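As the structure is a prediction and not an experimental result, all values here were calculated from the model. Whatever order the structure lists them in is the order used to number ligands and atoms, beginning at 1.
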Amino acid sequence: MARVLILGGGFGGVIAAQRLAEQLGDDHQITLVSRSRWFVFHPALVRLAFGKCEREDVSFNLRHTMLSERVNFIEAEVARIDPVERKVTIAHGEVEGRLPYDYLIFALGRRLATERITGFYEHAHHLLSVEKALRFGKAVSEFHEGRAVIGQCSGARLPVPVYETAFALSRLLEERGERDRARITIVSPDPPGLQLDDCEVTIALRKALAAHDIEFRPDFPIDRVTPGAATTSNGHGINFNLLMLLPPFQGSAAATHLGITNEESYINVDSAMHVVGVERMYAVGDCVNFSGPKMGHMAVRQAEVAATNLAAEIEGHLPVSRYSHDLRMVIDEGGGESMYVHKDIWTNEPANVRQGRFWSWAKRAHEKYWEAAHS
Ligand SMILES: Cc1cc2nc3c(=O)[nH]c(=O)nc-3n(C[C@H](O)[C@H](O)[C@H](O)COP(=O)(O)OP(=O)(O)OC[C@H]3O[C@@H](n4cnc5c(N)ncnc54)[C@H](O)[C@@H]3O)c2cc1C
(Lines give C-alpha, C1' and ligand atoms only; values in the text may rest on other atoms or scores of the structure.)
Protein backbone atom coordinates (compact mmCIF):
# COMPACT_ATOMS: atom_id res chain seq x y z
CA MET A 1 0.00 0.00 0.00
CA ALA A 2 1.27 3.50 -0.88
CA ARG A 3 0.41 6.59 1.18
CA VAL A 4 -0.11 9.52 -1.20
CA LEU A 5 -0.27 12.98 0.38
CA ILE A 6 -1.60 15.97 -1.57
CA LEU A 7 -1.02 19.44 -0.13
CA GLY A 8 -3.48 22.17 -1.14
CA GLY A 9 -7.21 22.24 -1.91
CA GLY A 10 -7.16 24.50 -4.98
CA PHE A 11 -7.42 23.62 -8.69
CA GLY A 12 -4.16 21.64 -8.60
CA GLY A 13 -4.81 19.65 -5.41
CA VAL A 14 -8.46 18.84 -6.15
CA ILE A 15 -7.82 17.60 -9.69
CA ALA A 16 -4.76 15.60 -8.59
CA ALA A 17 -6.87 13.91 -5.87
CA GLN A 18 -9.75 13.15 -8.24
CA ARG A 19 -7.47 11.73 -10.94
CA LEU A 20 -5.53 9.60 -8.44
CA ALA A 21 -8.77 8.27 -6.94
CA GLU A 22 -9.75 7.16 -10.47
CA GLN A 23 -6.37 5.60 -11.28
CA LEU A 24 -5.22 3.96 -8.03
CA GLY A 25 -6.73 0.82 -6.54
CA ASP A 26 -8.52 0.87 -3.16
CA ASP A 27 -5.45 -0.57 -1.43
CA HIS A 28 -3.66 2.81 -1.76
CA GLN A 29 -4.38 5.66 0.65
CA ILE A 30 -4.94 9.20 -0.67
CA THR A 31 -5.04 12.16 1.73
CA LEU A 32 -5.51 15.84 0.91
CA VAL A 33 -4.49 18.54 3.41
CA SER A 34 -5.63 22.13 3.07
CA ARG A 35 -6.00 25.08 5.44
CA SER A 36 -9.66 25.52 4.58
CA ARG A 37 -12.43 23.08 3.74
CA TRP A 38 -13.70 25.56 1.14
CA PHE A 39 -12.61 25.34 -2.47
CA VAL A 40 -12.75 28.81 -4.06
CA PHE A 41 -13.37 29.25 -7.78
CA HIS A 42 -11.06 32.27 -8.16
CA PRO A 43 -11.98 33.24 -11.75
CA ALA A 44 -15.45 34.26 -10.46
CA LEU A 45 -14.14 36.70 -7.82
CA VAL A 46 -14.42 39.76 -10.08
CA ARG A 47 -18.08 38.92 -10.66
CA LEU A 48 -18.51 38.44 -6.88
CA ALA A 49 -17.00 41.88 -6.21
CA PHE A 50 -19.41 43.49 -8.67
CA GLY A 51 -22.45 41.75 -7.17
CA LYS A 52 -23.04 39.47 -10.17
CA CYS A 53 -23.00 36.32 -8.04
CA GLU A 54 -23.11 35.29 -4.37
CA ARG A 55 -20.49 33.86 -2.02
CA GLU A 56 -22.18 30.39 -2.27
CA ASP A 57 -21.74 30.47 -6.07
CA VAL A 58 -17.94 30.71 -5.91
CA SER A 59 -17.09 28.02 -3.35
CA PHE A 60 -17.94 24.46 -2.33
CA ASN A 61 -17.17 22.19 0.58
CA LEU A 62 -14.11 20.06 -0.13
CA ARG A 63 -14.80 17.57 2.62
CA HIS A 64 -17.96 16.35 0.88
CA THR A 65 -16.29 16.26 -2.55
CA MET A 66 -13.21 14.44 -1.33
CA LEU A 67 -15.07 11.83 0.70
CA SER A 68 -17.24 10.97 -2.28
CA GLU A 69 -13.99 10.50 -4.23
CA ARG A 70 -12.62 8.21 -1.44
CA VAL A 71 -9.94 10.74 -0.51
CA ASN A 72 -9.27 11.55 3.17
CA PHE A 73 -9.53 15.27 3.82
CA ILE A 74 -7.65 17.04 6.63
CA GLU A 75 -8.25 20.71 7.36
CA ALA A 76 -4.89 21.92 8.66
CA GLU A 77 -2.00 24.33 8.10
CA VAL A 78 1.15 22.93 6.46
CA ALA A 79 4.30 24.43 8.00
CA ARG A 80 7.08 22.67 6.07
CA ILE A 81 8.05 19.52 4.26
CA ASP A 82 10.97 17.18 4.74
CA PRO A 83 11.52 15.36 1.42
CA VAL A 84 14.40 13.29 2.84
CA GLU A 85 12.49 11.76 5.76
CA ARG A 86 9.24 12.02 3.70
CA LYS A 87 7.28 13.84 6.39
CA VAL A 88 5.13 16.97 6.38
CA THR A 89 4.93 19.15 9.48
CA ILE A 90 1.41 20.32 10.29
CA ALA A 91 1.37 23.54 12.36
CA HIS A 92 -2.25 23.41 13.52
CA GLY A 93 -5.66 22.13 12.48
CA GLU A 94 -7.47 18.81 12.65
CA VAL A 95 -4.14 17.03 13.17
CA GLU A 96 -0.80 18.28 14.49
CA GLY A 97 2.74 16.98 14.24
CA ARG A 98 4.45 15.17 11.36
CA LEU A 99 2.52 13.28 8.67
CA PRO A 100 4.48 10.54 6.89
CA TYR A 101 4.03 9.84 3.17
CA ASP A 102 5.39 7.63 0.40
CA TYR A 103 4.51 10.04 -2.46
CA LEU A 104 3.81 13.76 -2.30
CA ILE A 105 2.02 16.22 -4.58
CA PHE A 106 2.72 19.83 -3.56
CA ALA A 107 -0.09 22.19 -4.67
CA LEU A 108 -0.04 25.01 -2.11
CA GLY A 109 -0.34 27.78 -4.70
CA ARG A 110 1.41 31.12 -4.32
CA ARG A 111 1.83 33.54 -1.43
CA LEU A 112 0.88 37.22 -1.61
CA ALA A 113 4.00 39.21 -0.68
CA THR A 114 2.07 42.33 0.43
CA GLU A 115 4.86 43.18 2.88
CA ARG A 116 7.04 44.21 -0.09
CA ILE A 117 4.73 47.19 -0.84
CA THR A 118 4.77 49.83 1.91
CA GLY A 119 1.22 50.79 2.91
CA PHE A 120 -0.44 48.04 0.83
CA TYR A 121 -2.22 46.41 3.73
CA GLU A 122 -3.65 49.71 5.03
CA HIS A 123 -4.56 51.55 1.83
CA ALA A 124 -5.00 49.17 -1.14
CA HIS A 125 -7.81 46.81 -2.10
CA HIS A 126 -7.35 43.52 -3.91
CA LEU A 127 -9.78 40.73 -4.80
CA LEU A 128 -7.74 37.57 -4.53
CA SER A 129 -9.93 35.98 -1.85
CA VAL A 130 -13.67 35.94 -1.13
CA GLU A 131 -13.36 38.35 1.82
CA LYS A 132 -11.15 40.80 -0.07
CA ALA A 133 -13.42 40.70 -3.13
CA LEU A 134 -16.48 41.49 -1.00
CA ARG A 135 -14.63 44.34 0.74
CA PHE A 136 -13.53 45.76 -2.62
CA GLY A 137 -17.13 45.41 -3.84
CA LYS A 138 -18.27 47.63 -0.93
CA ALA A 139 -15.69 50.27 -1.91
CA VAL A 140 -16.93 50.09 -5.53
CA SER A 141 -20.51 50.69 -4.37
CA GLU A 142 -19.32 53.89 -2.63
CA PHE A 143 -17.26 55.14 -5.60
CA HIS A 144 -19.14 57.70 -7.73
CA GLU A 145 -16.54 60.11 -9.04
CA GLY A 146 -12.79 60.78 -9.23
CA ARG A 147 -10.05 58.43 -10.31
CA ALA A 148 -10.06 54.65 -10.05
CA VAL A 149 -6.64 53.06 -10.32
CA ILE A 150 -6.57 49.34 -11.12
CA GLY A 151 -3.27 47.55 -11.46
CA GLN A 152 -0.63 45.10 -10.49
CA CYS A 153 2.76 45.30 -8.78
CA SER A 154 5.96 43.76 -10.17
CA GLY A 155 5.80 40.00 -9.68
CA ALA A 156 1.97 39.78 -9.74
CA ARG A 157 1.56 37.05 -12.36
CA LEU A 158 -2.18 37.44 -13.07
CA PRO A 159 -3.38 40.04 -15.58
CA VAL A 160 -6.95 38.68 -16.06
CA PRO A 161 -8.64 40.25 -12.98
CA VAL A 162 -6.94 43.60 -13.61
CA TYR A 163 -8.57 43.99 -17.04
CA GLU A 164 -11.86 42.38 -15.99
CA THR A 165 -12.12 44.76 -13.00
CA ALA A 166 -11.50 47.82 -15.19
CA PHE A 167 -14.14 46.68 -17.72
CA ALA A 168 -16.69 45.79 -15.02
CA LEU A 169 -16.19 49.16 -13.31
CA SER A 170 -16.61 51.01 -16.59
CA ARG A 171 -19.88 49.16 -17.31
CA LEU A 172 -21.19 49.73 -13.78
CA LEU A 173 -20.49 53.48 -13.94
CA GLU A 174 -22.23 53.64 -17.32
CA GLU A 175 -25.28 51.87 -15.89
CA ARG A 176 -25.39 54.39 -13.03
CA GLY A 177 -24.94 57.33 -15.44
CA GLU A 178 -21.68 58.24 -13.68
CA ARG A 179 -19.09 57.26 -16.30
CA ASP A 180 -18.37 60.92 -17.24
CA ARG A 181 -17.49 61.75 -13.64
CA ALA A 182 -14.86 59.04 -13.27
CA ARG A 183 -11.48 58.31 -14.81
CA ILE A 184 -10.25 54.70 -14.93
CA THR A 185 -6.52 54.05 -15.21
CA ILE A 186 -4.76 50.69 -15.38
CA VAL A 187 -1.19 50.78 -14.06
CA SER A 188 1.32 48.03 -14.72
CA PRO A 189 5.06 47.43 -14.64
CA ASP A 190 4.59 45.84 -18.10
CA PRO A 191 3.22 47.06 -21.46
CA PRO A 192 -0.48 46.17 -22.23
CA GLY A 193 -0.05 42.58 -23.35
CA LEU A 194 -1.07 40.11 -20.61
CA GLN A 195 2.67 39.58 -19.88
CA LEU A 196 2.94 37.74 -23.22
CA ASP A 197 5.00 39.99 -25.53
CA ASP A 198 2.62 39.31 -28.45
CA CYS A 199 1.50 42.08 -30.82
CA GLU A 200 -1.91 40.48 -31.67
CA VAL A 201 -2.76 40.42 -27.97
CA THR A 202 -1.63 44.03 -27.51
CA ILE A 203 -3.75 45.23 -30.46
CA ALA A 204 -6.88 43.44 -29.20
CA LEU A 205 -6.43 44.79 -25.68
CA ARG A 206 -5.83 48.36 -26.82
CA LYS A 207 -9.05 48.15 -28.85
CA ALA A 208 -11.05 46.94 -25.82
CA LEU A 209 -9.52 49.60 -23.53
CA ALA A 210 -10.25 52.35 -26.07
CA ALA A 211 -13.88 51.22 -26.35
CA HIS A 212 -14.25 51.91 -22.61
CA ASP A 213 -12.05 55.02 -22.50
CA ILE A 214 -9.72 53.28 -20.02
CA GLU A 215 -6.18 54.71 -19.79
CA PHE A 216 -3.17 52.42 -19.55
CA ARG A 217 0.07 53.46 -17.81
CA PRO A 218 2.90 50.99 -18.49
CA ASP A 219 6.31 50.98 -16.71
CA PHE A 220 4.58 51.86 -13.46
CA PRO A 221 5.96 49.52 -10.75
CA ILE A 222 4.15 50.67 -7.59
CA ASP A 223 6.14 50.11 -4.41
CA ARG A 224 4.40 52.45 -1.94
CA VAL A 225 0.78 53.32 -1.16
CA THR A 226 -0.40 56.17 1.06
CA PRO A 227 -4.01 57.37 1.58
CA GLY A 228 -5.08 58.55 -1.88
CA ALA A 229 -1.74 58.11 -3.68
CA ALA A 230 0.51 55.36 -5.04
CA THR A 231 4.17 55.87 -6.00
CA THR A 232 6.65 53.85 -8.01
CA SER A 233 10.25 52.86 -7.36
CA ASN A 234 11.32 55.40 -10.02
CA GLY A 235 9.58 58.31 -8.29
CA HIS A 236 6.33 58.63 -10.28
CA GLY A 237 3.03 59.05 -8.47
CA ILE A 238 -0.68 58.73 -9.16
CA ASN A 239 -3.62 59.92 -7.04
CA PHE A 240 -6.69 57.74 -6.59
CA ASN A 241 -10.15 57.69 -5.04
CA LEU A 242 -10.37 53.93 -5.49
CA LEU A 243 -7.42 51.53 -5.74
CA MET A 244 -7.44 47.82 -6.65
CA LEU A 245 -3.90 46.53 -6.81
CA LEU A 246 -2.55 42.99 -7.13
CA PRO A 247 0.45 42.57 -4.80
CA PRO A 248 3.65 40.69 -5.78
CA PHE A 249 3.35 36.88 -5.82
CA GLN A 250 5.88 34.47 -4.33
CA GLY A 251 6.10 30.69 -4.00
CA SER A 252 4.81 28.96 -0.84
CA ALA A 253 6.93 29.38 2.31
CA ALA A 254 6.57 25.62 3.00
CA ALA A 255 8.95 24.85 0.11
CA THR A 256 11.70 27.39 0.83
CA HIS A 257 15.19 26.56 2.18
CA LEU A 258 15.08 23.04 0.70
CA GLY A 259 17.15 23.78 -2.42
CA ILE A 260 14.16 22.97 -4.70
CA THR A 261 13.04 26.53 -5.57
CA ASN A 262 14.19 29.56 -7.53
CA GLU A 263 14.87 32.93 -5.85
CA GLU A 264 11.11 33.72 -5.77
CA SER A 265 10.42 30.41 -3.98
CA TYR A 266 8.76 28.75 -7.01
CA ILE A 267 9.48 25.00 -7.18
CA ASN A 268 11.65 23.64 -10.02
CA VAL A 269 9.88 20.82 -11.86
CA ASP A 270 10.42 18.97 -15.14
CA SER A 271 7.72 18.44 -17.78
CA ALA A 272 6.54 15.28 -15.96
CA MET A 273 5.75 17.65 -13.01
CA HIS A 274 8.37 15.83 -10.97
CA VAL A 275 10.33 18.05 -8.53
CA VAL A 276 13.90 18.32 -9.81
CA GLY A 277 16.34 16.42 -7.58
CA VAL A 278 13.75 14.94 -5.18
CA GLU A 279 12.39 11.41 -5.33
CA ARG A 280 8.67 10.69 -5.13
CA MET A 281 7.66 14.35 -5.10
CA TYR A 282 5.57 16.25 -7.67
CA ALA A 283 4.46 19.89 -7.69
CA VAL A 284 1.62 21.50 -9.64
CA GLY A 285 -0.13 24.86 -10.05
CA ASP A 286 0.84 28.38 -9.09
CA CYS A 287 3.69 27.08 -6.88
CA VAL A 288 5.87 25.86 -9.80
CA ASN A 289 8.67 27.73 -11.54
CA PHE A 290 7.23 28.16 -15.06
CA SER A 291 7.30 31.45 -16.97
CA GLY A 292 4.31 33.68 -17.81
CA PRO A 293 0.97 34.22 -16.07
CA LYS A 294 -0.19 31.71 -13.45
CA MET A 295 -3.55 30.25 -14.43
CA GLY A 296 -6.07 27.75 -13.08
CA HIS A 297 -6.31 25.75 -16.31
CA MET A 298 -2.52 25.24 -16.16
CA ALA A 299 -2.85 23.93 -12.59
CA VAL A 300 -5.55 21.50 -13.79
CA ARG A 301 -3.45 20.17 -16.68
CA GLN A 302 -0.33 19.91 -14.50
CA ALA A 303 -2.34 17.98 -11.87
CA GLU A 304 -3.55 15.52 -14.52
CA VAL A 305 0.03 14.98 -15.70
CA ALA A 306 1.38 14.56 -12.14
CA ALA A 307 -1.40 12.15 -11.12
CA THR A 308 -0.88 9.97 -14.20
CA ASN A 309 2.90 9.86 -13.69
CA LEU A 310 2.60 9.20 -9.96
CA ALA A 311 0.20 6.30 -10.58
CA ALA A 312 2.67 4.92 -13.15
CA GLU A 313 5.58 5.33 -10.70
CA ILE A 314 3.73 3.34 -8.02
CA GLU A 315 3.36 0.54 -10.60
CA GLY A 316 7.11 0.73 -11.32
CA HIS A 317 6.77 2.47 -14.72
CA LEU A 318 8.52 5.53 -16.20
CA PRO A 319 6.56 8.82 -16.66
CA VAL A 320 3.88 8.44 -19.33
CA SER A 321 2.55 12.01 -19.51
CA ARG A 322 4.24 15.37 -20.25
CA TYR A 323 3.03 18.93 -19.71
CA SER A 324 3.29 21.61 -22.41
CA HIS A 325 2.98 25.21 -21.28
CA ASP A 326 -0.10 26.41 -23.20
CA LEU A 327 -1.95 29.50 -22.07
CA ARG A 328 -5.71 29.69 -22.68
CA MET A 329 -7.17 32.85 -21.27
CA VAL A 330 -10.56 34.52 -21.50
CA ILE A 331 -10.87 38.19 -20.55
CA ASP A 332 -14.57 38.79 -19.91
CA GLU A 333 -15.32 42.36 -20.90
CA GLY A 334 -19.04 41.71 -20.47
CA GLY A 335 -19.82 42.12 -24.19
CA GLY A 336 -18.37 42.18 -27.70
CA GLU A 337 -14.79 43.09 -26.68
CA SER A 338 -14.41 39.89 -24.62
CA MET A 339 -11.32 38.05 -25.69
CA TYR A 340 -9.89 34.53 -25.94
CA VAL A 341 -6.11 34.11 -26.15
CA HIS A 342 -4.26 30.87 -26.83
CA LYS A 343 -0.48 30.83 -26.82
CA ASP A 344 2.23 28.21 -26.45
CA ILE A 345 4.51 30.01 -23.99
CA TRP A 346 7.53 27.75 -24.42
CA THR A 347 7.68 27.99 -28.23
CA ASN A 348 6.49 31.65 -28.21
CA GLU A 349 4.64 31.17 -31.54
CA PRO A 350 2.25 34.09 -32.26
CA ALA A 351 -0.92 33.88 -30.17
CA ASN A 352 -4.33 32.91 -31.51
CA VAL A 353 -6.63 35.78 -30.47
CA ARG A 354 -10.42 35.87 -30.92
CA GLN A 355 -12.76 38.61 -29.83
CA GLY A 356 -16.54 38.67 -29.41
CA ARG A 357 -19.51 38.37 -27.05
CA PHE A 358 -19.36 34.56 -27.29
CA TRP A 359 -16.27 34.46 -25.01
CA SER A 360 -18.07 36.27 -22.20
CA TRP A 361 -20.85 33.72 -22.36
CA ALA A 362 -18.38 30.81 -22.66
CA LYS A 363 -16.47 31.88 -19.53
CA ARG A 364 -19.65 31.96 -17.44
CA ALA A 365 -20.82 28.62 -18.86
CA HIS A 366 -17.43 27.12 -17.97
CA GLU A 367 -17.75 28.38 -14.39
CA LYS A 368 -21.10 26.62 -14.02
CA TYR A 369 -19.76 23.44 -15.61
CA TRP A 370 -16.74 23.38 -13.27
CA GLU A 371 -18.78 23.72 -10.15
CA ALA A 372 -21.30 21.10 -11.27
CA ALA A 373 -18.56 18.64 -12.26
CA HIS A 374 -16.42 18.97 -9.13
CA SER A 375 -18.59 19.96 -6.16
C1 LIG B 1 -9.44 37.00 -9.20
C2 LIG B 1 -8.81 35.86 -9.95
C3 LIG B 1 -9.18 35.62 -11.27
C4 LIG B 1 -8.59 34.56 -11.98
N5 LIG B 1 -9.00 34.31 -13.26
C6 LIG B 1 -8.53 33.21 -13.90
C7 LIG B 1 -9.03 32.85 -15.17
O8 LIG B 1 -9.87 33.53 -15.75
N9 LIG B 1 -8.56 31.72 -15.76
C10 LIG B 1 -7.63 30.92 -15.14
O11 LIG B 1 -7.24 29.88 -15.73
N12 LIG B 1 -7.11 31.26 -13.94
C13 LIG B 1 -7.55 32.36 -13.30
N14 LIG B 1 -7.06 32.69 -12.07
C15 LIG B 1 -5.90 31.96 -11.55
C16 LIG B 1 -6.26 30.67 -10.86
O17 LIG B 1 -7.28 30.87 -9.91
C18 LIG B 1 -5.01 30.11 -10.18
O19 LIG B 1 -4.02 29.94 -11.13
C20 LIG B 1 -5.33 28.78 -9.52
O21 LIG B 1 -6.20 29.01 -8.42
C22 LIG B 1 -4.07 28.07 -9.05
O23 LIG B 1 -4.43 26.84 -8.48
P24 LIG B 1 -3.51 26.16 -7.38
O25 LIG B 1 -4.18 24.91 -6.99
O26 LIG B 1 -2.11 26.12 -7.85
O27 LIG B 1 -3.49 27.20 -6.18
P28 LIG B 1 -4.71 27.74 -5.27
O29 LIG B 1 -5.99 27.76 -6.02
O30 LIG B 1 -4.19 29.01 -4.71
O31 LIG B 1 -4.81 26.64 -4.13
C32 LIG B 1 -3.86 26.51 -3.11
C33 LIG B 1 -4.52 25.78 -1.96
O34 LIG B 1 -3.56 25.53 -0.94
C35 LIG B 1 -4.07 25.99 0.33
N36 LIG B 1 -2.91 26.39 1.12
C37 LIG B 1 -1.99 27.34 0.81
N38 LIG B 1 -1.02 27.36 1.75
C39 LIG B 1 -1.35 26.42 2.67
C40 LIG B 1 -0.72 25.94 3.86
N41 LIG B 1 0.43 26.47 4.31
N42 LIG B 1 -1.30 24.95 4.53
C43 LIG B 1 -2.47 24.40 4.09
N44 LIG B 1 -3.10 24.79 2.97
C45 LIG B 1 -2.54 25.79 2.27
C46 LIG B 1 -5.00 27.13 -0.03
O47 LIG B 1 -5.93 27.38 1.02
C48 LIG B 1 -5.64 26.58 -1.30
O49 LIG B 1 -6.69 25.70 -1.00
C50 LIG B 1 -7.63 33.74 -11.35
C51 LIG B 1 -7.26 33.98 -10.02
C52 LIG B 1 -7.85 35.03 -9.33
C53 LIG B 1 -7.44 35.25 -7.89
Side-chain angles (χ1 to χ4, degrees), residues 5-17 32-50 58-60 62 66 73-81 88-95 99 105-112 126-130 132-133 136 150 152 156-165 168 194 244 246-247 249-256 265-267 273 283-288 290 292-303 306 326-332 338-342 359-360 362-364 366-367 370:
L5 196 54
I6 300 166
L7 306 181
F11 284 93
V14 167
I15 293 297
L32 187 144
V33 183
S34 196
R35 64 160 62 108
S36 164
R37 74 189 63 178
W38 294 102
F39 172 90
V40 176
F41 191 85
H42 290 110
L45 290 178
V46 176
R47 286 171 43 72
L48 179 71
F50 282 85
V58 302
S59 54
F60 59 78
L62 273 179
M66 290 298 119
F73 177 75
I74 299 175
E75 189 169 8
E77 179 76 20
V78 174
R80 62 183 166 275
I81 56 171
V88 168
T89 304
I90 303 295
H92 54 83
E94 289 177 342
V95 300
L99 274 181
I105 296 188
F106 191 104
L108 290 180
R110 40 91 187 117
R111 191 176 85 74
L112 300 180
H126 70 77
L127 43 60
L128 302 179
S129 69
V130 170
K132 298 291 182 186
F136 173 59
I150 318 282
Q152 54 192 352
R157 307 262 298 268
L158 191 62
V160 182
V162 172
Y163 289 93
E164 289 191 344
T165 299
L194 306 176
M244 197 296 281
L246 302 192
F249 292 0
Q250 213 169 291
S252 165
T256 51
S265 299
Y266 294 120
I267 301 176
M273 303 315 300
V284 301
D286 283 5
C287 65
V288 304
F290 285 155
K294 295 197 171 285
M295 306 287 295
H297 73 86
M298 293 170 177
V300 166
R301 180 64 197 133
Q302 291 163 12
D326 272 11
L327 172 128
R328 290 174 196 274
M329 184 188 278
V330 174
I331 309 268
D332 182 4
S338 298
M339 187 187 309
Y340 166 78
V341 178
H342 174 214
W359 298 106
S360 172
K363 186 159 186 173
R364 288 173 211 183
H366 183 255
E367 255 170 60
W370 219 89

Among all protein heavy atoms, pick the one closest to [atom] and tell me residue, atom and distance.
{"atom": "atom 24 (P) of ligand 1", "value": "Gly12 N, 4.0 Å"}
{"atom": "atom 35 (C) of ligand 1", "value": "Ser34 OG, 3.6 Å"}
{"atom": "atom 3 (C) of ligand 1", "value": "His42 O, 3.5 Å"}
{"atom": "atom 53 (C) of ligand 1", "value": "Leu128 CD2, 3.4 Å"}
{"atom": "atom 9 (N) of ligand 1", "value": "Met295 CE, 3.3 Å"}
{"atom": "atom 30 (O) of ligand 1", "value": "Gly109 CA, 4.0 Å"}
{"atom": "atom 26 (O) of ligand 1", "value": "Asp286 N, 2.8 Å"}
{"atom": "atom 36 (N) of ligand 1", "value": "Leu108 CD2, 3.7 Å"}

Discussion item. Between Asp332 and Arg364, does any side-chain N to carboxylate O distance fall below 4.0 Å?
Written reply: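 Between Arg364 and Asp332 there is a salt bridge, with a charged N closer than 4.0 Å to a carboxylate O.
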
Discussion item. Quick test of your reading of the model: are Arg110 and Asp286 salt-bridged, counting only N-O distances below 4.0 Å?
Written reply: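 Salt bridge present between Arg110 and Asp286.
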
Quick one: does [X] get an N or O within less than 3.5 Å of an N or O on ligand 1?
{"X": "Arg35", "value": "yes"}
{"X": "Phe11", "value": "yes"}
{"X": "Gly285", "value": "no"}
{"X": "Gly8", "value": "no"}
{"X": "Arg110", "value": "no"}
{"X": "Val78", "value": "yes"}
{"X": "Glu77", "value": "yes"}
{"X": "Gly296", "value": "yes"}

Atom indices of ligand 1, in the order listed, that fall short of 4.0 Å to a heavy atom of [X]:
{"X": "Lys363", "value": "7 (C), 8 (O)"}
{"X": "Gly10", "value": "25 (O), 29 (O), 31 (O), 33 (C), 49 (O)"}
{"X": "Ala299", "value": "23 (O)"}
{"X": "Leu127", "value": "1 (C)"}
{"X": "Leu158", "value": "14 (N), 15 (C), 50 (C), 51 (C), 52 (C), 53 (C)"}
{"X": "Lys294", "value": "15 (C), 19 (O)"}
{"X": "Val160", "value": "8 (O)"}
{"X": "Pro43", "value": "3 (C), 4 (C), 5 (N), 6 (C), 7 (C), 8 (O), 13 (C)"}

Is there a side-chain contact between [X] and [Y] in this structure, where contact means two heavy atoms from C-beta onward sitting under 4.5 Å apart?
{"X": "Ile331", "Y": "Glu164", "answer": "yes"}
{"X": "Tyr163", "Y": "Met339", "answer": "no"}
{"X": "Val78", "Y": "Ile90", "answer": "yes"}
{"X": "Asp326", "Y": "Arg301", "answer": "no"}

Worksheet item: What orientation do His42 and Phe11 show, parallel under 30°, tilted 30 to 60°, or perpendicular over 60°?
Response: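 The arrangement is tilted - the two ring planes meet at 30° to 60°.
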
Discussion item. Would you call the rings of Phe41 and His366 parallel, tilted or perpendicular, taking 30° and 60° as the class edges?
Written reply: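 Correct class here is tilted.
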
Item to complete: Give a yes/no on ligand 1: does Cys287 have at least one heavy atom closer than 4.0 angstrom to it?
Response: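 Flag not set, Cys287 not near ligand 1.
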
Discussion item. So, 4.0 Å and heavy atoms of Ala76: is ligand 1 close enough to count as a contact?
Written reply: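 Per 4.0 Å heavy-atom rule, Ala76 contacts ligand 1.
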
Worksheet item: Is it true that a side-chain atom of Lys363 and a backbone atom of Tyr340 form a donor plus acceptor pair closer than 3.5 Å?
Response: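 No; judged by distance alone, with no hydrogens or angles, the pair does not exist.
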
Say you draw a straight line from [atom1] of [X] to [atom2] of [Y]; how long is it, rounded to the nearest 0.5 Å?
{"X": "Ser34", "Y": "Ile74", "atom1": "OG", "atom2": "CD1", "value": "11.0 Å"}
{"X": "Glu75", "Y": "Trp38", "atom1": "CD", "atom2": "CH2", "value": "10.0 Å"}
{"X": "Phe136", "Y": "Leu127", "atom1": "CZ", "atom2": "CG", "value": "6.0 Å"}
{"X": "Arg157", "Y": "Leu246", "atom1": "CZ", "atom2": "CG", "value": "13.0 Å"}
{"X": "Leu7", "Y": "Arg35", "atom1": "CG", "atom2": "CZ", "value": "11.5 Å"}
{"X": "Cys287", "Y": "Ile267", "atom1": "SG", "atom2": "CD1", "value": "4.5 Å"}

Worksheet entry | Qualifying residue for side-chain contact (heavy atoms from CB on, under 4.5 Å) with Leu45, from Thr165, Leu128, Val130 |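 Of all the options given, the one that passes is Val130.
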
Item to complete: Have a look at ligand 1 and work out which part of Ala107, if any, has a heavy atom under 4.0 Å from it: side chain, backbone, both or neither.
Response: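 Backbone only; the side chain of Ala107 stays clear of ligand 1.
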
